[in-house]
*Asks:* 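Before we start, here is the structure in question, set down as structure tokens.
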Amino acid sequence: MFNAAQMALFEGGGKLNLRPYDTGDAPGGADGPIQMAMSSQAQLAIGPVFGSQVTGAVRSAGVPVISFSNDRSVAGNGVYIMGLLPHQQVERVVQYAASQGLKRFADLIPSNAFGESVLESMNIALGQTGGT
């Protein structure tokens, strides 16, 4: 992602100032980096990657935050998500499988809020394609 951002920077004619900060992989790992970014007068934060890192410190940064998460529960209050949402992924897979003549599906999902979201999306997609 950093390489892609650097390419955009160089093609932008030098109008951007890109400063990477490593958020790590622990929940809340973005708190320190977001504070460092704000102290350097950042006007936009791109990241964090994981929804669990969208904390109160990130939300109160005072600038728009674009997270690469696919967890729509972290969106709002200045946080925007850019990841593919589970319902989008499920819908595409079921539509493709149905176009190949498949009609019976099985779900292997976690027993949590994410799994419930995937199951709901699967049921909707099956209803649209006539699958079971």
*Asks:* What's the shortest heavy-atom distance between Pro86 and Val118, and which atoms?
*Replies:* CB-CG2, 4.1 Å
*Asks:* Kindly state each residue pair satisfying side chain to side chain donor-acceptor pair (under 3.5 Å) with at least one member in residues 71-99, sequence neighbours excluded.
*Replies:*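 Side chain to side chain donor-acceptor pair (under 3.5 Å) check on residues 71-99 returns Asp71-Ser73.
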*Asks:* Do the side chains of Leu119 and Phe114 join up, straight or via other hydrophobic residues, at under 4.5 Å, putting them in one cluster?
*Replies:*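 Yes, Leu119 and Phe114 fall within the same hydrophobic cluster.
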*Asks:* In Å, rounded to the nearest 0.5 Å, how long is the span from OG1 of Thr129 to CD1 of Ile124?
*Replies:* 12.0 Å
*Asks:* Taking Val90 as the starting point, is it possible to reach Phe105 by hopping between hydrophobic residues whose side chains are less than 4.5 Å apart?
*Replies:*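 Cluster IDs for Phe105 and Val90 match.
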*Asks:* Ignoring hydrogens and angles, tell me if any N or O in the side chain of Lys103 forms a donor-acceptor pair with the backbone of Leu126 under 3.5 Å.
*Replies:*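 No; zero donor-acceptor contacts below 3.5 Å.
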*Asks:* Can you tell me how far the CG atom of Leu84 sits from the OG atom of Ser69, to the nearest 0.5 Å?
*Replies:* 11.5 Å
*Asks:* Check Val74 against Ile81 and note the closest heavy-atom contact, atom names and distance.
*Replies:*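 Reported closest heavy-atom pair: CG2-CG2, 3.8 Å.
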*Asks:* Looking only at atom types and distance, does a side-chain atom of Ser121 sit under 3.5 Å from a main-chain N or O of Ser117, one as donor and one as acceptor?
*Replies:* yes
*Asks:* Would you say that more than 12 heavy atoms from the other residues, nucleotides or ligands in this model lie under 6.0 Å from the CD of Gln43, or not?
*Replies:* no
*Asks:* Treating Ile, Leu, Val, Met, Phe, Trp and Tyr as nodes and any side-chain heavy-atom pair under 4.5 angstrom as an edge, say whether Leu85 and Met122 lie in one connected cluster.
*Replies:*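 Not linked; separate clusters.
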